[in-house]
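I have placed the structure first, in the form of structure tokens, so that the comments after it can refer back to it.
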Amino acid sequence: MSSNPVAETVASLMPRAKEELAALVAFRSVADFEQFPRSESVGAAEWTAAALRAEGFQDVALLDTPDGTQSVYGYLPGPEGAKTVLLYAHYDVQPPLDEAAWVSPPFELTERDGRWYGRGAADCKGGVIMHLLALRALKANGGVPVHVKVIFEGSEEQGTGGLERYAEAHPELLAADTVVIGDTGNFRVGLPTVTATLRGMTMLRVRVDTLEGNLHSGQFGGAAPDALAALIRVLDSLRAEDGSTTVDGLAADSVWEGLAYDDEQFRRDARVLDGVELIGSGTVADRVWARPAVTVLGIDCPPVVGATPSVQASARALVSLRLPPGVDATAATKLLRAHLEARTPWGARVDVEQIGQGQAFRADTTSPAYRAMADAMAVAYPGEEMQYAGQGGSIPLCNTLAALYPQAEILLIGLSEPDAQIHAVNESVSPEELERLSVAEAHFLLNYAAS
């Protein structure tokens with residue numbers, strides 16, 4: 001890290017940042033209140049609100065969003081006539097999955113091999129801390145040169161759209177000249193990266209019914225239509241022989257023009273087992289950033305332990321379809337629904353229910369804000385040029401903000417580089433990345449204010 005007052009301040013604040021991240025990670029703030037108590041999410045929201053008040057934010061509020069969760073808002077006034085920047089992160093997290101598979105407890109921040117482990121450490125409680133660090137560094141070195149609005153979402157991982165609907169109902173609240181979304185990540189540790197595109201998504205629940213009830217597989221198997229077998233055949237129809245996504249009527253041949261993603265690097269990042277092939281066609285970047293990708297997220301069927309010799313009468317699955325920019329999510333949902341209905345065999349009854357949907361996003365990387373960020377990244381990452389990459393995930397709020405504030409510039413940065421293993425067991429954050437990106441964000445605000 002090159003020596004400068006902002007960088008020196010951030011470095012001095014890192015022990016405090018670790019303590020604060022540990023306190024925030026300790027909240028089991030999964031916004032699925034059938035799995036985790038609502039009080040855990042409320043506690044995390046109150047913690048972030050208190051942190052904003054301590055930094056001098058005004059109008060700090062816990063916003064009750066239509067999906068039953070809370071987003072935390074605050075406003076920090078800057079110099080008269082200054083631009084307004086909105087900083088975004090989310091305090092809710094994915095479930096820890098198999099807690100026994102974690103090397104250290106998922107809700108206890110633990111340092112190991114130079115990284116800090118814990119659920120949400122990178123996605124996206126680390127983003128909350130990143131924003132706080134950047135603002136503190138500026139306050140210690142002449143003040144924050146812009147008006148700052150902060151919004152910390154409480155249900156981003158659930159995709160229930162509470163903040164999007166709240167913003168649409170209160171369009172003045174999040175209005176800004178530029179928006180920094182702190183919920184993506186560098187292409188790899190040490191390579192400064194902004195995310196140029198986000199895939200959209202649609203999520204459907206499909207149910208197949210064939211019988212009034214389960215039957216003895218010895219007595220009826222071979223002629224009785226098996227709902228689980230029918231479902232498996234439907235799901236298999238969503239992929240070609242090479243694993244490419246194949247939804248009837250949906251184009252899947254777009255090409256990514258930008259940062260290349262080496263096959264071997266992807267294998268390491270994805271932790272693909274030796275001897276197992278990658279799926280799909282085209283370059284890795286084509287597959288993960290520019291083309292649709294279907295995933296079966298779950299199947300309801302009898303577990304192996306305790307299964308009986310029965311022909312299944314009913315089965316269902318949750319199917320996700322990620323969509324590149326340029327593909328309308330509503331149209332793709334109709335195609336996926338039609339595909340599932342048409343490909344169900346044996347006249348089985350099929351019911352398809354939409355669970356969630358979000359449009360893809362493409363940023364304008366030629367805007368002044370991106371030039372300001374490139375210069376800031378050069379300070380935080382000496383000798384490295386800022387790169388532009390895609391992101392396979394979805395952040396539906398980006399399109400809501402783009403629609404509400406068409407003149408606003410939207411930048412996406414964050415701590416979720418591949419080693420972070422977000423959404424998986426043993427999620428972690430690189431403290432070096434947290435430090436560098438906090439410095440970059442602080443310098444971005446200085447550069448942007450002067451532009």
Gln158 and Asp67: side chain donor to acceptor below 3.5 Å: no
Contacts of Glu427 meeting salt bridge (Lys or Arg N to Asp or Glu O under 4.0 Å) (sequence neighbours excluded), chain-then-number -> Arg119
Thr110 side chain to Tyr117 backbone, donor-acceptor under 3.5 Å: no
Quick check against the 3.5 Å criterion: does Thr195 have a side-chain atom that pairs as donor or acceptor with the backbone of Gln391? no
Who are the side chain to side chain contact (heavy atoms under 4.5 Å, CB included) partners of Glu19, not counting sequence neighbours? none
Could you walk me through whether Ser281 and Arg291 pass side chain to side chain contact (heavy atoms under 4.5 Å, CB included), step by step? CA-CA 10 Å; Ser281 60; Arg291 296 180 181 178; 3.5 Å; yes
Could you walk me through whether Leu21 and Val429 pass side chain to side chain contact (heavy atoms under 4.5 Å, CB included), step by step? CA-CA 10 Å; Leu21 184 56; Val429 69; 4.1 Å; yes
I'd like to know if the side chain of Ser438 and the backbone of Ala134 have a donor-acceptor N/O pair within less than 3.5 Å. no
Can you list the residues that meet the salt bridge (Lys or Arg N to Asp or Glu O under 4.0 Å) rule with Asp248, with sequence neighbours excluded? Arg343
Is there a donor-acceptor pair closer than 3.5 Å between any side-chain N or O of Arg287 and the backbone N or O of Ile279? yes
Taking atom CD of Gln35 as the centre, does the number of heavy atoms from other residues, nucleotides or ligands within less than 6.0 Å exceed 12? yes
With a 3.5 Å cut-off and sequence neighbours excluded, list the donor-acceptor pairs that the side chains of residues 440-451 form with protein atoms.
residue : atom : partner : partner atom : Å
Glu441  : OE1  : His131  : ND1          : 3.0
Glu441  : OE2  : His131  : ND1          : 2.8
Asn447  : ND2  : Ala372  : O            : 3.1
Asn447  : ND2  : His443  : O            : 3.3
Ser451  : OG   : Lys83   : NZ           : 2.9
Ser451  : OG   : Tyr448  : O            : 2.7

Scan residues 407-419 for pairs that pass side-chain hydrogen bond (donor to acceptor under 3.5 Å, both in side chains), counting only residues two or more places apart or in two chains. Arg115-Glu417, Ser367-Glu409
Mind checking what makes salt bridge (Lys or Arg N to Asp or Glu O under 4.0 Å) contact with Lys334, not counting sequence neighbours? none
Of all pairs that satisfy ring pair (Phe, Tyr, Trp, His ring centres under 6.0 Å), the ones with a partner from residues 263-298, not counting sequence neighbours: Trp256-Trp289, Tyr261-Phe266, Tyr261-Trp289
Listed pairs under 3.5 Å, donor-acceptor, residues 162-177 side chains, sequence neighbours left out:
residue : atom : partner : partner atom : Å
Arg165  : NH1  : Thr160  : O            : 3.0
His170  : ND1  : Tyr166  : O            : 3.0
Asp177  : OD2  : Thr84   : N            : 2.7

Sub-3.5 Å donor-acceptor pair from the side chain of Arg362 to the main-chain atoms of Thr197, do we have one? no
Would you list the pairs meeting salt bridge (Lys or Arg N to Asp or Glu O under 4.0 Å) in which at least one residue belongs to residues 86-106, sequence neighbours left out? Arg28-Glu99
Does the Asn186 side chain pair with the main chain of Thr193, one donor and one acceptor, at a distance under 3.5 Å? yes
Would you say Thr65 and Gln70 are linked by a side-chain donor-acceptor pair, where the criterion is simply a distance under 3.5 Å? no
Note: Pro292 and Leu321 closest approach over all heavy atoms is CB-CD1, 4.2 Å
Excluding sequence neighbours, so at least two apart, what forms salt bridge (Lys or Arg N to Asp or Glu O under 4.0 Å) with Asp328? none
Side chains of Asp269 and Gln265 only: does a donor on one sit below 3.5 Å from an acceptor on the other? yes
For the residue pair Ser104 / Arg112, report whether a side-chain donor-acceptor contact shorter than 3.5 Å exists. yes
Working for side chain to side chain contact (heavy atoms under 4.5 Å, CB included), residues Tyr370 and Val194: CA-CA 9 Å; Tyr370 276 85; Val194 289; 3.9 Å; yes
Just distance, no hydrogens or angles: give the donor-acceptor pairs under 3.5 Å from side chains in residues 53-60, sequence neighbours left out.
residue : atom : partner : partner atom : Å
Glu55   : OE1  : Lys139  : NZ           : 2.9
Glu55   : OE2  : Arg136  : NE           : 2.8
Glu55   : OE2  : Arg136  : NH2          : 3.4

Classify the side-chain pair Ser244/Arg239 by whether it contains a donor and acceptor separated by less than 3.5 Å. no
Arg16 and Glu20 ion-paired at < 4.0 Å: yes
Sidechain-backbone polar pair: Arg436 side chain, Pro192 backbone, donor-acceptor under 3.5 Å: no
Ser41 and Ser29 side chains, donor-acceptor separation under 3.5 Å: no
What pairs of residues pass the ring pair (Phe, Tyr, Trp, His ring centres under 6.0 Å) test when at least one of them lies in residues 77-115, not counting sequence neighbours? none
